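The figures here come from the full heavy-atom set of this structure, side chains too, leaving out hydrogens, waters and symmetry mates. Everything numeric in this text was worked out from a predicted model, so none of it was measured.
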Amino acid sequence: MKHLLILLCLTLSISLAAQSAKYDGNYEFKFETKDGATINYTLTLNPNGTFLFHYYRKRICENCKEENAYGKGVWKAQKKLIFLSTDKEKDMNATYTINLNNTRARYISKSPRDKSARDIKTALKFYASEITWLKGESLYKILQ
């Protein structure tokens, strides 16, 4: 009985690790205007269940400075949904100022059953967030 319980726990932990490996990695959105203004979002989902988010904006005006903001926390996956959460006391400080608590995204990828020639980029599409400028954005997975 003891061996069966250990085997069950081991199998469950391996299957959970395999599921998160599907989603972990680097995701990015870049937008650049003709005059050189830039917006860049980068999200790194680590295999250990933590994430790092970087927001960068460069505006083109006389007194404008480049903006960098960071966020971190934990993530979990359920089916094709990614849930991000930030603990205000543990994850936020002078460097990490973006609160991604209650942020949810849908994992988008080409189905293995889809045999068509169409190209579907792997992405995270944010459908719920307390951050208004993140809601509705798609961050595309960077293949390494």
Side-chain angles (χ1 to χ4, degrees), residues 2 5-114 116-144:
K2 187 176 183 182
L5 185 60
I6 291 172
L7 182 64
L8 179 66
C9 290
L10 182 62
T11 305
L12 182 63
S13 66
I14 289 172
S15 67
L16 288 175
Q19 287 293 339
S20 69
K22 176 179 175 180
Y23 305 111
D24 65 1
N26 296 319
Y27 297 83
E28 181 176 58
F29 169 77
K30 282 186 177 182
F31 178 75
E32 191 168 331
T33 63
K34 291 179 184 178
D35 62 354
T38 305
I39 294 177
N40 188 8
Y41 308 133
T42 306
L43 175 65
T44 302
L45 298 179
N46 297 313
N48 65 358
T50 62
F51 73 85
L52 294 172
F53 183 79
H54 178 222
Y55 165 78
Y56 169 78
R57 180 169 75 167
K58 180 175 98 176
R59 294 186 290 173
I60 305 300
C61 63
E62 208 169 296
N63 294 326
C64 296
K65 294 182 178 181
E66 293 181 352
E67 297 176 41
N68 284 292
Y70 301 90
K72 70 177 184 175
V74 295
W75 68 277
K76 67 178 180 174
Q78 283 183 344
K79 297 186 182 180
K80 287 194 166 214
L81 302 178
I82 307 294
F83 298 92
L84 304 176
S85 62
T86 301
D87 183 345
K88 288 183 182 179
E89 285 134 25
K90 189 172 82 171
D91 297 325
M92 295 185 73
N93 55 34
T95 304
Y96 297 99
T97 58
I98 297 177
N99 184 356
L100 290 165
N101 208 22
N102 298 321
T103 299
R104 297 181 295 281
R106 176 169 297 285
Y107 180 78
I108 299 169
S109 66
K110 186 172 181 176
S111 171
R113 294 178 294 188
D114 186 353
S116 68
R118 66 184 179 146
D119 183 31
I120 299 175
K121 293 182 180 179
T122 302
L124 292 178
K125 176 136 181 122
F126 291 88
Y127 66 90
S129 181
E130 294 174 2
I131 301 172
T132 57
W133 46 263
L134 188 57
K135 197 172 178 182
E137 292 292 341
S138 293
L139 277 65
Y140 297 96
K141 190 164 190 175
I142 302 169
L143 301 176
Q144 298 175 357

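Considering only heavy atoms from C-beta on, Thr97 stays 4.5 Å or farther from Tyr55 through its side chain. For the pair Asn68 and His54, the minimum side-chain heavy-atom distance is below 4.5 Å. Side-chain atoms of Leu134 and Leu100, non-hydrogen and from C-beta on, do get closer than 4.5 Å to each other. Using a 4.5 Å cut-off on side-chain heavy atoms (C-beta onward), Phe51 and Thr86 make contact. For the pair Leu81 and Phe83, the minimum side-chain heavy-atom distance is below 4.5 Å.
In this pair, Phe29 and Phe31 present their aromatic rings parallel. The plane angle is below 30°, not in the 30 to 60° band. Using cut-offs of 30° and 60° for the angle between ring planes, the Tyr70 and Tyr96 rings count as perpendicular. Using cut-offs of 30° and 60° for the angle between ring planes, the Tyr107 and Tyr27 rings count as perpendicular.
In terms of heavy-atom proximity, Lys22 sits nearest to Lys141 at O-NZ, 3.5 Å. Between Lys110 and Arg118, the closest heavy-atom pair is NZ-O, 3.0 Å. Nearest heavy-atom pair, Lys80 versus Ser109, reported as atom, atom and distance to 0.1 Å: NZ-OG, 3.7 Å. The heavy-atom pair separating Ile60 from Ala37 by the smallest distance is CG1-N, 3.5 Å. Listed here is the closest heavy atom pair of Lys90 and Lys72: O-CE, 4.5 Å.
Under the 3.5 Å distance criterion, the side-chain polar atoms of Asn46 are left unmatched by any main-chain donor or acceptor of Asn48.
The six-membered or imidazole ring of Phe53 lies away from that of Trp75, with a centre-to-centre distance of 6.0 Å or more.
By the 6.0 Å contact criterion, CZ on Arg106 is open, its count of non-hydrogen atoms from other residues, nucleotides or ligands being 12 or less. Counting non-hydrogen atoms of neighbouring residues, nucleotides and ligands closer than 6.0 angstrom, the NZ atom of Lys30 reaches no more than 12 such neighbours. Other residues, nucleotides and ligands contribute only 12 or fewer heavy atoms inside 6.0 Å of the NZ atom of Lys76.
Expressed to the nearest 0.5 Å, how far NZ of Lys125 lies from CD of Glu137 amounts to 8.0 Å. Rounded to the nearest 0.5 angstrom, Thr103 OG1 and Ile131 CD1 are separated by 5.5 Å. To the nearest 0.5 Å, the span separating CE on Met92 from CD1 on Ile98 amounts to 8.5 Å. Leu139 contributes atom CG, which lies 10.0 Å from atom OG1 of Thr44 (distance to the nearest 0.5 angstrom).
Residue Glu130 forms a side-chain hydrogen bond (donor to acceptor under 3.5 Å, both in side chains) with just one option from Asn101, Asn99, Asn102, and that option is Asn102. Of the options Asn26, Leu124, Leu52, a side chain to side chain contact (heavy atoms under 4.5 Å, CB included) to Leu45 is made by Leu124 and by none of the others.
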